[in-house]
Structures are given as C-alpha cells and as structure tokens.
Amino acid sequence: MSVQNSEVIKTIESLKNTEAIVMITTIETTEQLKEQIEALITIEPRFAGIYEQVGIPDLRRNDGGFEQLLRAMVGQQLSVAAASSIWQRLIDADLTNPKMIKAVSDDILRAQGLSKQKVRYARSLIEHNIDFESLSTISDEKVLEILTAVVGIGRWTAEMYLLFSLGRADVLAVDDLAIKVAAMDLLNLVERPTPKQLKKATENWSPHRSAASLLLWSHYGLLRNRKAMPV
C-alpha cells in the first residue's frame, strides 16, 4: 500500500474568502509512520542506517487541547522532575482548566509553583480562547500563527503541538538542539547548522519531515546514550 493511500488525508475549504483547498496529512498509526520512513529513505538514503539502528520510533501522540499547551508552558526551562511536581500540584488544586484558573488570583497560582511569568502565560492562553477542535482542519502555518500569538508559546512549542497533538506529517523542528546535533551527524556537517541552514538543507525531505524528526531524536539518543524525545 502506498504512503498516500495509507495516510489520513483531510481536505477542507480554506477559512479565508478564497477557493483554496488545504490538504492535511497526518500520521495516526505505526504502520503509517513506517511507510513515511520508507518514503523518506528513498529521498535521503542516509536515514536507512538510523532506521536499522532505532527501528520505528514511538509516535508519542497526545490528546492536545488547553491542558497540553498549559503543561508545555509550565515545563519551560525546568527539569522534568520540577515540571512534573508543579503540574501535579495544579492537578491536585483543580487548576488545569480555563474556568478554574480564571476564578482564582495570581497569588493562588503562584502558590502552586508557577512563576509570575508563567502565570502571565496561563492568562494569555485563556484570553486567546483557542478553538482546539478547529486546529485539526487548518494548515500547519495557520496553526503555528494561532498558537504563537499566545504569550509564552514559541515556534518550537507550537511545532511540538503540530507533531504530537495533531499528528501532522511534515514537521521538522529546526530550532531543537537534539535535531540539529543529529542532523549534523547525519549530513556530515562540520558545524552545527543554524535553524535557517537546517531548513534549507532539508527542504527535499518534505512531505516526510515528521518521520525525519522522530528518527533524528532517536539518533541523538544513541549519540548521547540517553532519551532525547521531547517531554
């Protein structure tokens, strides 16, 4: 079965006042990821060696939504243990949904471990009132535009949402340190590439760049002998 036949393809009318059609391809199953990897290898054969070593990476899909983005914001610049501890305190206090957060003061949020800055992030996420269900029907760039409008959500966080929450098939996180280091090794580069350089060097990996991201994270794990997938 071809990659195109096995992928979930959603076609919708653009929300703009045009006749444009948005083609959305997602990876929903391990079999679909396998086919994406095989298609990627035909474009970039050097991935074959990584694939032989790491096999099919975990899709690590999550349900997305408000809580997923809030948790990502809570964990910024913290260790896994610290982020998990604060998140559990928010769960215990029933402060992981917009309604409850809006009902309490900043001081109460600070008491759960959120910094002043992250309280601001949480408030901004609520104020933007994102229609999370609609995100599955719009283009990658439009999703990035909507998410990065929130204070505290940068492009990397938005790309992680595209890849792990929406399952988009063509996301390469060029700002990710592990991706850059692994790509440097794969492409035999002398220096670690800048995001701009990496984007240009990997344009021909499209439309299979999510498979490339997953393989590169796994490859980085082998290079550093540790787990490298984003938390």
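Only a predicted model underlies this, so the values are computations on that prediction, with no experimental measurement involved.
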What pairs with Arg71 under salt bridge (Lys or Arg N to Asp or Glu O under 4.0 Å), at least two apart in sequence or on another chain? none
Step-by-step side-chain contact (heavy atoms from CB on, under 4.5 Å) determination, Glu31 to Lys34: CA-CA 5 Å; Glu31 182 59 31; Lys34 180 175 182 292; 4.1 Å; yes
ring-ring contact (aromatic ring centres under 6.0 Å, His included) pairs, two or more places apart, involving residues 41-61: Phe47-Trp205
For Thr96, which residues count as a side-chain hydrogen bond (donor to acceptor under 3.5 Å, both in side chains) partner, sequence neighbours excluded? Glu67
How many angstroms lie between atom CD1 of Ile146 and atom OG of Ser134, to the nearest 0.5 angstrom? 6.0 Å
Working to the nearest 0.5 Å, report the span between NZ of Lys180 and CG of Asp176. 8.0 Å
N/O donor-acceptor pair under 3.5 Å between Ser213 side chain and Val171 backbone: yes
Measure across Ile27 and Ala169 and return the closest heavy-atom pair with its distance rounded to 0.1 Å. CG1-CB, 3.8 Å
For Leu215 and Leu40, run side-chain contact (heavy atoms from CB on, under 4.5 Å): C-alpha distance rounded to whole Å, both residues' side-chain angles, the deciding distance at 0.1 Å, then the answer. CA-CA 10 Å; Leu215 286 173; Leu40 173 66; 4.1 Å; yes
Among all residues two or more places apart in sequence or in another chain, which pass the salt bridge (Lys or Arg N to Asp or Glu O under 4.0 Å) test with Glu127? none
Mind jotting down which residue pairs meet the salt bridge (charged side-chain N to carboxylate O under 4.0 Å, His left out) criterion with at least one end in residues 94-122? Sequence neighbours excluded, please. Asp106-Arg123
Using the side-chain contact (heavy atoms from CB on, under 4.5 Å) rule, take Trp87 and Leu70 through it: C-alpha gap first, then chi angles, then the decisive distance, then the call. CA-CA 9 Å; Trp87 184 250; Leu70 180 63; 3.8 Å; yes
Pairs touching residues 201-214 that satisfy salt bridge (charged side-chain N to carboxylate O under 4.0 Å, His left out), sequence neighbours left out: Asp170-Arg209
Thr30 and Asp58, any side-chain heavy atoms less than 4.5 Å apart: no
Pairs touching residues 181-192 that satisfy side chain to side chain donor-acceptor pair (under 3.5 Å), sequence neighbours left out: Asp185-His219
Euclidean distance, Leu125 CG relative to Ile153 CD1, rounded to 0.5 Å: 5.5 Å
Donor-acceptor contact below 3.5 Å, side chain Ser85 vs main chain Ala81: no
Those residues at least two apart in sequence (or on a different chain) that pass salt bridge (Lys or Arg N to Asp or Glu O under 4.0 Å) with Asp175 are none
Rounded to the nearest 0.5 Å, what separation is found between the CD1 atom of Ile108 and the CD1 atom of Ile101? 12.0 Å
Find the distance between OG (Ser206) and CG (Leu172) and round it off to the nearest 0.5 Å. 10.0 Å
What residues, two or more places apart in sequence or in another chain, satisfy side-chain hydrogen bond (donor to acceptor under 3.5 Å, both in side chains) together with Thr194? Gln197
The reported gap from CE in Met184 to OH in Tyr220 (rounded to nearest 0.5 angstrom) is 12.0 Å
Looking only at heavy atoms, what is the nearest atom pair of Gln112 and Ala93, with distance? OE1-CB, 3.9 Å
Please name the pair of heavy atoms, one in Thr157 and one in Ala72, separated by the smallest distance, quoted to 0.1 Å. CG2-CB, 4.0 Å
For Ala201 and Leu187, the nearest pair of non-hydrogen atoms, with its separation, is CB-CD1, 4.4 Å
Taking only residues two or more places apart in sequence, or in another chain, which ones meet Gln117 in a side-chain hydrogen bond (donor to acceptor under 3.5 Å, both in side chains)? Tyr121
Mind checking salt bridge (Lys or Arg N to Asp or Glu O under 4.0 Å) for Arg89 and listing every partner two or more places apart, or none if nothing turns up? none
Does the side chain of Ile179 come within less than 4.5 Å of Val174's, by heavy atoms? no
Name every donor-acceptor pair, under 3.5 Å, that has one atom in a side chain of residues 158-168 and the other anywhere in the protein, sequence neighbours excluded.
residue : atom : partner : partner atom : Å
Glu159  : OE2  : Arg155  : NE           : 3.1
Tyr161  : OH   : Gly65   : N            : 2.7
Ser165  : OG   : Asn62   : OD1          : 2.4
Arg168  : NH1  : Ile138  : O            : 3.0
Arg168  : NH1  : Asp140  : OD1          : 2.5
Arg168  : NH2  : Leu135  : O            : 2.8
Arg168  : NH2  : Ile138  : O            : 2.9

Which atom names give the shortest non-hydrogen contact between Ile37 and Pro57, and what distance separates them? CD1-CD, 3.8 Å
Tell me, do Arg61 and Glu28 make a side-chain contact under 4.5 Å, heavy atoms counted? yes
Tell me, do Leu214 and Ser218 make a side-chain contact under 4.5 Å, heavy atoms counted? no
Counting heavy atoms not belonging to Asp131, are there more than 12 under 6.0 Å from its CG? yes
